[in-house]
Each structure stands twice: as C-alpha cells, then as structure tokens.
Q: 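I have a structure here, written as structure tokens, and I will follow up with some questions on it.
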Amino acid sequence: MWSMNRKLHFTAYLMTVLAACMSIVEIQAQHKFQGDDEHRTTPLIKPVIPGFNPDPSICRAGDDYYIVTSSNEYFPGLPVWHSRDLVAWSMIGHVLSNPAHLDLDSIPGSSGLYAPTIRYHDGLFYVVCTLTGTRPGKPRGNFITTARDPRGPWSAPVWMETPGIDPSLFFDEDGKVYYQGNYTPEDKKWARHRKIYLQEIDLKQAKLIGPKVDILDAADYHLKGTIDGGFESGADYLEAPHLYKKDGYYYLTTSHGGTFQYHALSFWRSRNIFGPYESNPANPILTHRSLPPTHPVTSTGHGDLVMDGQGQWHMTFLARRPQDSNIHILGRETFLTRIEWTDGWPRLPRDLTLDPTLQDPDHISLPKDDTSIRRTTFPKGDLSPEWTFIRTPREKWWVVSGRKGSVTLRLRPERISETTQPSWLGIRQDRFHARISSRMKFKPKQTNEEAGLTVFRDKDHYFKYTLIRKEDGDILQLTSRRIGDPEDSLIARIPYHARKVVLRVSSSGHWYSFEYGRSGSTMRTLQKDVDGAFLGSPAAGRFTGTMMGLYATGNGSRSGNSAYFDRIQY
Ligand code: 6LW
C-alpha cells in the first residue's frame with residue numbers, strides 16, 4: 001500500500017516536473033521568437049498599426065478613437081481601426097464592405113482607394129476618399145459616405161464632382177463645413193505641381209458651394225527654399241490637406257515631396273479660413289528625407305491631428321521601415337506621436353527629424369499586443385475583418401465554417417497574375433517575422449489545378465507555394481514571379497500524392513522559408529531562406545504592402561474542384 005502511494009506520488013511528481021519543463025520550453029520558444037523579432041528589427045521603433053496601412057486619418061468620438069487607412073485594390077475597402085488609448089488598435093470593420101458600393105473590377109494594383117479622411121460630428125461619422133484607376137464610365141473620383149456606427153453600415157458612397165485627390169472635411173464653429181483637396185493646376189509649372197483648394201460643402205446634397213479658393217500653391221515654395229530648404233523635389237505633390245481650428249487660428253497641414261524618401265509634413269495658419277496662410281517658420285516639422293534610406297524609419301509624412309479628452313494633441317502619420325537598404329516588405333505603416341504647441345505652432349515633442357535614432361518610446365507609442373504570435377481566424381463563422389480579397393468579389397466562391405475555423409475555396413479560372421478577381425483570401429503581413437500555416441485538403445482533378453499559400457505583393461510580385469497537377473503528376477512546388485518574368489519561375493518541387501498537406505510559410509526579414517508535412521508535427525523544409533526582397537523593392541506594389549494568402553485556381557480552366565483549408569494560423 002505504502003509503496004503504491006509512493007509510486008503514485010513519484011508519478012505525480014514526474015508529471016509536474018515534465019509539465020513545468022514543457023511550459024518552460026514553450027515560454028522559451030516564444031521568448032526566442034519574440035527576442036529574435038526584437039533583435040532583428042529595430043527595438044522600440046514600432047508603428048501603432050503595422051503592415052500595409054498607409055495614409056492614416058484619425059478622429060475622436062467621446063473616449064473612442066478611430067483611424068481609417070487606404071486599401072487600394074483590396075476589398076473590403078478602407079479598414080476602420082478602434083482604440084481607447086491611442087496605443088492598442090484593433091480592426092473593427094470597413095467603410096466599403098458592400099460589393100455594390102465599391103467597384104474595383106480590373107483596376108491595376110496600387111490604384112483603387114487612396115487616402116481617406118474620417119471625421120465625427122454631431123453623432124455622425126463621415127468619410128471622404130478618392131477611388132482611382134477604374135475604367136471610364138465606372139464610378140471614380142471623390143466620394144462621401146456616413147455612418148452612425150463606424151463598424152457600419154456605412155451609406156452608399158455619394159460621388160462628388162470635385163477635382164484632385166486626398167479630400168478632407170473641416171467642421172467650423174459657426175456650423176459651416178469645408179472641403180479641402182489637392183489638384184493639378186491647368187497651367188502647372190512643373191509635372192508635380194499641385195495646389196490645395198478649399199470650398200464650402202453642403203453635406204445634405206454632397207455638393208460644393210460658394211467660391212473655390214486655392215489656399216496653398218506649391219509654386220510659392222518650389223525652389224525658393226521656404227518649406228524645403230531649396231531642395232528640388234521638396235514642394236512636389238502637395239497633398240493630404242487637413243484643417244483644424246485652435247485659439248482663433250485655422251491650421252492647415254499638408255504633406256509634400258511624394259510619399260517615399262522625400263516625404264515631408266508642414267503646417268500653415270491663418271485667422272481667416274480662406275487665407276492667406278502663413279508658413280510655419282519651422283517647416284517641415286516632420287521629414288526623414290535627409291536621413292539615409294537605410295534609417296530604421298523613413299518616408300514620414302501624411303499626418304492627421306486629434307485632440308484627446310484631456311486637451312493633449314496627437315498626430316498619426318505614415319512611415320516605412322526598410323531592411324537592408326531599400327527593401328520595404330511591409331509597405332507604408334501607421335505611426336503616432338504626441339504633438340506639442342509652441343509659439344502657436346504644432347511641434348513634435350522632440351525634433352524627430354534630426355533624431356537619427358527615434359528610439360524613445362515616449363515619442364512613438366508602442367503597440368501593447370506586439371507579442372501576439374498566433375491568431376485563429378473565422379471565430380464567428382464568417383471571415384474576420386482582417387481577411388481581404390483582391391478586387392471586388394462578384395460571386396461567392398468561398399465557404400467559411402466557423403466551428404472548425406476553416407474555409408473552402410472553389411477553384412476558378414482566374415489567376416493572381418492578372419487584374420481579375422481570383423479565389424484568393426489574404427491577410428496583411430504586419431511584422432518582419434511572420435508565419436502563416438494551414439492544413440489543406442486538396443486533390444487536383446485536372447492538369448494545372450492548383451491550391452496552396454501565397455506571399456503576394458501584386459500581380460507581378462509573389463511567391464506561390466502550392467499543390468498542382470502537372471503532366472508528370474501531382475507536385476508540391478514553390479514558384480515566384482517578379483516583374484519582367486514571362487511566367488512563374490520554379491524554385492523547388494517534389495512529387496506529392498496525399499490529399500492532406502500542412503503548409504507553412506515563415507518570414508525572417510525579407511527571407512522566406514517554406515515547410516510542409518502530413519501533420520504539423522512532421523514538418524520538413526521544401527526551401528529555406530528564399531530572398532523575397534523583390535516583394536518590397538521600389539517597383540513592387542508601390543502603394544501597398546505584402547500580404548499572405550490562401551489561393552485556389554484552375555489556371556485558366558473551369559473546375560468543379562475546391563480546396564479546403566483549416567487550422568489556419570497567422
Ligand atoms: C495618397 C497620397 C499619399 O493619395 O499616397 O502619402 C497616396 N500620401 O496622399 C496613395 O496612398
């Protein structure tokens with residue numbers, strides 16, 4: 001009896017030790033992963049909304065803050081992000097999630113939805129934005145939509161006959177509402193010459209009324225050195241205007257220099273909304289253009305201000321985090337900084353423009369959830385909002401099963417190498433060290449039927465990691481395409497005849513590794529550390545970022561087949 005007890009105790013003790021060891025291993029594994037991430041990226045320089053999330057615009061409604069970002073050719077359009085502390089943000093939905101409201105058919109990559117503005121006034125949320133790249137005869141240009149709840153539903157967009165891009169709204173204290181935008185003047189002095197205009201808007205009719213006044217002309221600054229130190233492209237692309245009022249002044253911000261290396265952000269002010277506007281002597285108040293393109297954060301600009309409940313001001317802006325000189329895998333991301341006011345002008349807390357380290361967490365807020373490594377998707381039996389389509393889906397070719405967290409994609413002729421709408425579902429790659437995996441059940445029935453995972457930047461830049469039927473049988477293959485390639489280039493292939501395969505893609509900076517297995521515990525490497533720099537080179541998806549996605553195609557042929565993905569983890 002006694003020895004039985006001892007045995008039981010000993011077994012229990014062994015199990016406790018084993019469990020403790022396992023959890024230590026688990027913690028160490030996680031720690032190593034995070035440590036790695038911290039080590040290889042630059043510590044403390046973190047966007048608040050990482051991954052492809054450019055052109056942020058922000059508003060406050062009571063204790064809640066909302067950001068919208070550009071989504072270009074991806075559907076649904078314009079993600080809406082929510083936060084209560086300005087630090088941790090979660091995607092709560094999209095402004096344009098009804099296919100009838102957003103026609104992205106055949107539009108080229110990096111066209112589509114540009115630079116939205118979100119405002120909250122008297123219980124209503126307003127978004128104004130520009131749709132570019134649609135075919136003649138289709139809706140395009142600037143539109144306005146409203147919602148009582150930013151989660152939606154949003155009203156059908158009302159199209160406005162207003163010139164230019166980057167529209168914004170300003171609600172004045174006297175009840176009047178003003179529209180701001182940029183445009184290219186007919187008598188432009190150089191190719192990238194833009195002006196900022198202001199006009200009153202009748203929101204009920206979505207019509208601009210009264211005089212249209214140019215409140216800022218880049219020609220006044222071009223090569224004169226007043227906002228750009230005489231720097232030649234400094235006054236190019238005057239864009240992203242937003243207007244605010246504080247202490248009797250109207251403050252106008254715009255960005256200039258183009259959205260990449262020469263990006264900059266400046267302020268002007270006037271006692272009269274129609275101007276004349278005086279330039280902040282400290283302009284530009286934010287730019288990293290003089291820092292090398294290898295700096296951990298580049299391309300800063302495109303800002304929008306918000307005042308919190310305590311009267312403290314903040315500004316969202318976009319920036320890029322390059323790797324190995326000029327490789328931008330993640331695209332343009334959303335950052336946030338505190339703003340202080342000195343001598344009647346907004347300033348960053350310290351001169352970030354001259355601070356080559358930019359590493360003070362006080363200045364750039366850190367997302368609290370950056371350690372979250374795994375996310376199971378489709379919790380409610382529907383696609384969770386971070387999943388997106390390329391262009392507007394016109395038929396339901398996917399089926400989600402919430403209980404198992406799975407999705408079935410029907411094979412259709414469309415390919416990701418076209419400007420069509422393929423059977424592809426993707427998620428933004430929002431960290432340098434990302435991993436996506438899924439168990440796929442798929443058996444090709446005809447030659448060229450194909451399904452698997454992708455790392456996708458645009459139709460000319462991607463990795464495909466798929467099971468495909470070739471003349472010589474079923475194979476698991478890794479291919480890539482980069483601009484100029486007449487077809488996909490083969491990187492690795494093995495014969496593969498089973499119906500089930502676990503596929504895993506991991507990134508480490510711009511290096512991608514591809515593993516497979518019959519189950520998650522028997523994974524083998526198909527190809528390790530393949531250079532994905534081309535996904536983030538200046539040519540690739542210039543306004544977007546890298547996505548990781550599920551894909552199924554008949555490669556030009558109709559098919560009754562489908563691919564089933566479950567245990568999807570990112
Ligand atoms: C957008 C322009 C910009 O319209 O990028 O950074 C363009 N700024 O304002 C497209 O995202």
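Whatever order the structure lists ligands and atoms in, that order sets their numbers, starting from 1. Computed from heavy atoms alone, side chains included, the values below leave out hydrogens, waters and symmetry copies.
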Q: Does Trp424 reach the side chain of Thr388, with side-chain heavy atoms less than 4.5 Å apart?
A: yes
Q: Does any N or O in the side chain of Glu239 come within less than 3.5 Å of the main-chain N or O of Asp166, such that one atom is a donor and the other an acceptor?
A: no
Q: Measuring from atom OG1 of Thr300 to atom CD of Gln261, what distance do you get when rounded to the nearest 0.5 angstrom?
A: 9.0 Å
Q: How far is atom 5 (O) of ligand 1 from its nearest protein heavy atom, and which residue and atom is that?
A: Arg332 NH1, 3.1 Å
Q: Pull out every atom of ligand 1 sitting under 4.0 Å from any heavy atom of Leu318, numbered as shown with elements.
A: 6 (O)
Q: Which of the atoms of ligand 1 are close to Asp55, meaning less than 4.0 Å from one of its heavy atoms?
A: 1 (C), 3 (C), 5 (O), 6 (O), 8 (N), 10 (C), 11 (O)
Q: Any N or O of Asp166 that comes nearer than 3.5 Å to an N or O of ligand 1?
A: yes
Q: Is the centre of the Trp313 ring less than 6.0 Å from the centre of the Tyr251 ring?
A: no
Q: How far is atom 6 (O) of ligand 1 from the closest protein heavy atom, and which atom is that?
A: Thr259 OG1, 2.6 Å
Q: By number and element, which atoms of ligand 1 are closer than 4.0 Å to a non-hydrogen atom of Ile165?
A: 4 (O)
Q: Under a 4.0 Å heavy-atom limit, does Thr130 contact ligand 1 with its side chain, its backbone, both, or neither?
A: neither
Q: Taking the side chain from Arg140 and the backbone from Thr134, do they hold a donor-acceptor pair closer than 3.5 Å?
A: yes
Q: When you measure from atom 8 (N) of ligand 1 to every protein heavy atom, which one gives the shortest distance, and what is it?
A: His302 ND1, 3.0 Å
Q: Is Asn182 reaching over with its side chain to a backbone N or O of Leu238, donor-acceptor style, under 3.5 angstrom?
A: yes
Q: Just jot down the ligand 1 atoms closer than 4.0 angstrom to any heavy atom of His263, in number order.
A: 6 (O)
Q: Please identify which atoms of ligand 1 are closer than 4.0 Å to at least one heavy atom of Ala115.
A: 1 (C), 4 (O)
Q: Taking only Lys NZ, Arg NE, NH1 and NH2, and the carboxylate oxygens of Asp or Glu, determine whether Glu418 and Lys459 approach each other closer than 4.0 Å.
A: no
